[in-house]
Amino acid sequence: MTSTVARPSVAPAVDLRTTLAGVRFPNPVFTASGCAAAGRELAQFFDVAALGGVVTKSIMVRPRSGRPTPRMAETPSGMLNSIGLQGPGIDAFLEHDLPWLADRGARAVVSIAGGSVEEYVRLATKLRGAPGLAMVEVNISCPNVEDRGQVFAGDSGAAAAVISAVRRQSPAHIPVFAKLSPDVTDIVAIARACVDAGADGLSMVNTLLGMVIDTTTLRPALAGVTGGLSGPAIRPVALRCVWQVAQVLPEVPILGMGGVRTGLDALQFLLAGASAVSVGTAVFGDPRAPVRVLAELEQALAERGIDRVADVIGLATDRLPRPDIARTEEEQ
Ligand code: RRO
């Protein structure tokens with residue numbers, strides 16, 4: 001937390017540390033992939049090392065200019081994006097972006113995206129031994145790709161093929177997380193396939209495929225026609241996905257995301273079974289959102305008499321006994 005974060009009225013003393021697949025993080029609030037490139041944009045607002053981790057925009061093998069504009073549209077309590085994997089490519093990323101994060105002491109969660117298993121393998125190979133790399137998030141769920149067949153997270157077999165290849169190529173001490181799409185009939189089946197293929201954890205969820213039509217031009221608002229829906233509008237869907245998977249796979253660490261805007265939103269994800277949360281779309285309206293969410297979460301836990309973040313993870317699932325701290329004051 002930086003000194004400019006509003007001080008809470010009750011001084012919290014909460015142990016915020018969390019662990020994802022054996023990797024320790026000082027707190028459970030991360031950035032979300034795609035909302036702040038490699039973190040540089042946010043450094044003018046807060047110290048990126050103050051967060052649990054910085055999740056970078058999905059990087060591909062080659063530089064890519066992305067989809068034509070317009071590529072963003074506002075929606076009720078959310079936004080639609082059609083960026084199309086714009087980025088500098090892995091070589092420039094490794095030369096400029098990852099060292100920048102490492103120099104600042106940030107824990108980098110590098111998101112990778114490819115159009116084929118071979119591309120993911122090349123990315124994982126290039127990341128071996130990269131400085132400051134804490135985890136790899138394998139984006140198999142970008143909605144803005146040329147054809148739906150490239151949304152590997154839509155099919156258990158395709159998802160497993162990518163994850164097992166990346167896992168094989170990555171050092172044992174670097175967790176490999178699979179980023180899942182909510183746009184599936186049975187997210188538990190996809191989650192299980194990824195875990196069986198070697199995923200050390202799951203990031204849930206990517207954006208939902210959506211569309212806006214401009215009633216003045218009478219045409220789709222996005223040049224790419226469809227886009228990924230994010231923001232508070234998707235929070236109940238994202239939360240449901242996390243909870244469903246945590247119910248069935250309680251031992252699998254989850255990085256939860258989807259419309260987290262406040263500390264209480266983050267708390268919901270932890271209660272649903274996430275060990276950490278990513279704050280994404282909220283940074284467009286409030287670039288300090290991740291550190292504010294962290295301060296609010298700490299305050300919310302202190303107010304509930306909870307000493308450790310670790311004690312709330314999965315409390316709202318049926319797998320864990322509910323301790324006294326989960327009861328309301330009236331009940332006690
Ligand atoms: O770049 C994008 O258009 C994009 C990606 Br990679 C993603 O994973 N999710 C999203 O909503 N947009």
Evaluation steps, side-chain hydrogen bond (donor to acceptor under 3.5 Å, both in side chains), between Ser203 and Glu137: CA-CA 7 Å; Ser203 294; Glu137 186 178 85; 2.6 Å; yes
Say whether Arg24 and Thr19, considering side chains only, have a donor N or O and an acceptor N or O under 3.5 Å apart. no
Between Asn81 and the options Thr207, Thr281, Asn144, the side-chain hydrogen bond (donor to acceptor under 3.5 Å, both in side chains) test singles out Asn144
Testing the 3.5 Å rule here: is there a donor-acceptor pair between the side chains of Gln86 and Arg71? yes
Looking at Arg261, I want to see if its CZ is surrounded by more than 12 non-hydrogen atoms of other residues, nucleotides or ligands under 6.0 Å. no
Non-neighbouring partners of Arg64 that pass salt bridge (charged side-chain N to carboxylate O under 4.0 Å, His left out), sequence neighbours left out: Glu146
Check which hydrophobic residues are tied to Val151 through side-chain heavy-atom contacts below 4.5 Å, counting indirect links as well, and list them. Met60, Leu85, Val145
Electrostatic pair Arg62:Asp91 at N-O distance under 4.0 angstrom: no
Tell me which one of Leu239, Thr317, Ile313, Val312 satisfies side chain to side chain contact (heavy atoms under 4.5 Å, CB included) with Leu271. Val312
Given side chains that start at C-beta, do those of Pro28 and Val277 come closer than 4.5 Å, heavy atoms only? no
CD/Glu41: more than 12 non-hydrogen atoms of other groups inside 6.0 Å: yes
Any ion pair linking Arg292 and Asp286 (charged N to carboxylate O, less than 4.0 Å)? yes
Considering only heavy atoms from C-beta outward, does the side chain of Pro88 approach that of Asp97 to under 4.5 Å? yes
